[in-house]
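Fair warning: this is a prediction, and the values are worked out from it, not measured in the lab. Note that these values count all heavy atoms, side chains included, but never hydrogens, waters or copies made by symmetry.
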Amino acid sequence: VEFSPDWLDLDPVQGARHRTTPTGDRIYDYAGVVERSLARAEPAYPTFRCLTPGWDNAPRRRTGAVILEGATPAHYRRWLEGLISRAAERPAGQQLIFINAWNEWAEGACLEPDAISGRGFLEATRDARAASETRNGRSSPGRIAESSPRRPSQAVLSPGGARYRIAVPASLEEAAAGGAPANDLND
């Protein structure tokens, strides 16, 4: 399973657009990271690709943080559409895509609705799947699933079959209150 962001793809020698702060934090352009990921050739062995709606581990580090700047639902959707297209070419048992993460707030990797993007990343996930189905004339490689029903931290696009539901709060107030109706993103 690939981890995203892929630290090797962030190496400035590899061409990712970046800058370094006086504290050693490395800031990369999210769109550039998307381009690098989609341009990378698929390995000859089974690999489960991963993408992230954002990344900023500065809250966990005094120096040397990695920050992906400029993440938007539109860039994320383009990345996911590209990975879905590649996954669709694999055998059925290898059509998994990992999304890092559902609610990793301390590292800025969240599909969960927030005050900045609202439900934008969730909607981009739904729209990328729908676009793939329209383009391919068949079902995309997956259902959307939480990694843990109680404390989800990573979402997974998995092969068709079982149905999954994700509880998504309609508002920040509802999230703070701990309640949310289940929203089926499989349809």
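- We find the CD1-CG distance between Ile99 and Leu111 to be 5.0 Å, quoted to the nearest 0.5 Å.
- Grouped with Ile27 in one hydrophobic cluster are Ile67, the linkage being side-chain heavy-atom contacts under 4.5 Å among Ile, Leu, Val, Met, Phe, Trp and Tyr residues.
- For the residue pair Pro113 and Arg119, the shortest heavy atom distance occurs at CG-CG, 3.9 Å.
- When each of Ile97, Leu38, Asn100 is paired with Leu51, the side chain to side chain contact (heavy atoms under 4.5 Å, CB included) condition holds for Ile97 and for no other.
- If you take CG on Leu68 and CZ on Arg26, they are separated by 10.5 Å, rounding to the nearest 0.5 Å.
- Applying the ring-ring contact (aromatic ring centres under 6.0 Å, His included) test to residues at least two apart or on different chains, the pairs with a partner in residues 108-133 are Tyr76-Phe121.
- A donor-acceptor pair is defined here as one N or O able to donate and one able to accept, closer than 3.5 Å; such a pair exists between the side chain of Arg49 and the backbone of Ser37.
- No donor-acceptor pair closer than 3.5 Å links the side chain of Thr52 to the backbone N or O of Cys50.
- Between Gly120 and Pro73, the shortest heavy-atom contact is O-CB, 3.5 Å.
- Across all non-hydrogen atoms, the minimal contact from Ala109 to Gly54 is CB-O, 3.3 Å.
- To the nearest 0.5 Å, atom CD of residue Glu35 and atom CZ of residue Arg78 are 5.5 Å apart.
- Here CD of Glu42 is found 5.0 Å from CZ of Arg90. Values are rounded to the nearest 0.5 Å.
- Taking each heavy atom of Glu112 and Trp105 in turn, the nearest pair found is OE1-NE1, 2.9 Å.
- Residues satisfying the ring pair (Phe, Tyr, Trp, His ring centres under 6.0 Å) test with Trp55, not counting sequence neighbours, are Phe3, Trp7.
- Ala131 and Arg77 make their closest contact through CB-NH2, 3.5 Å (heavy atoms, listed as atom of the first residue, atom of the second, distance).
- Looking only at distances, a side-chain donor or acceptor of Asp25 sits under 3.5 Å from a matching main-chain atom of Gly64.
- Note: Leu83 CG to Glu2 CD = 7.5 Å, rounded to the nearest 0.5 Å.
- Remark: the backbone N or O of Arg60 is not paired with any side-chain donor or acceptor of Asn57 at under 3.5 angstrom.
- Residues Tyr28 and Pro5 form no side-chain contact, since every pair of their non-hydrogen atoms from C-beta on lies 4.5 Å or further apart.
- For the atom pair Glu69 CD and Asp29 CG, the distance stands at 7.5 Å (nearest 0.5 Å).
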May I have the step-by-step check of side chain to side chain contact (heavy atoms under 4.5 Å, CB included) for Thr72 and Tyr30, ending in yes or no?
CA-CA 8 Å; Thr72 66; Tyr30 183 85; 5.8 Å; no

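- Ser132 places no side-chain N or O within 3.5 Å of a backbone atom of Ala128 that could act as its donor or acceptor partner.
- For the residue pair Pro46 and Gln94, the shortest heavy atom distance occurs at CB-OE1, 3.8 Å.
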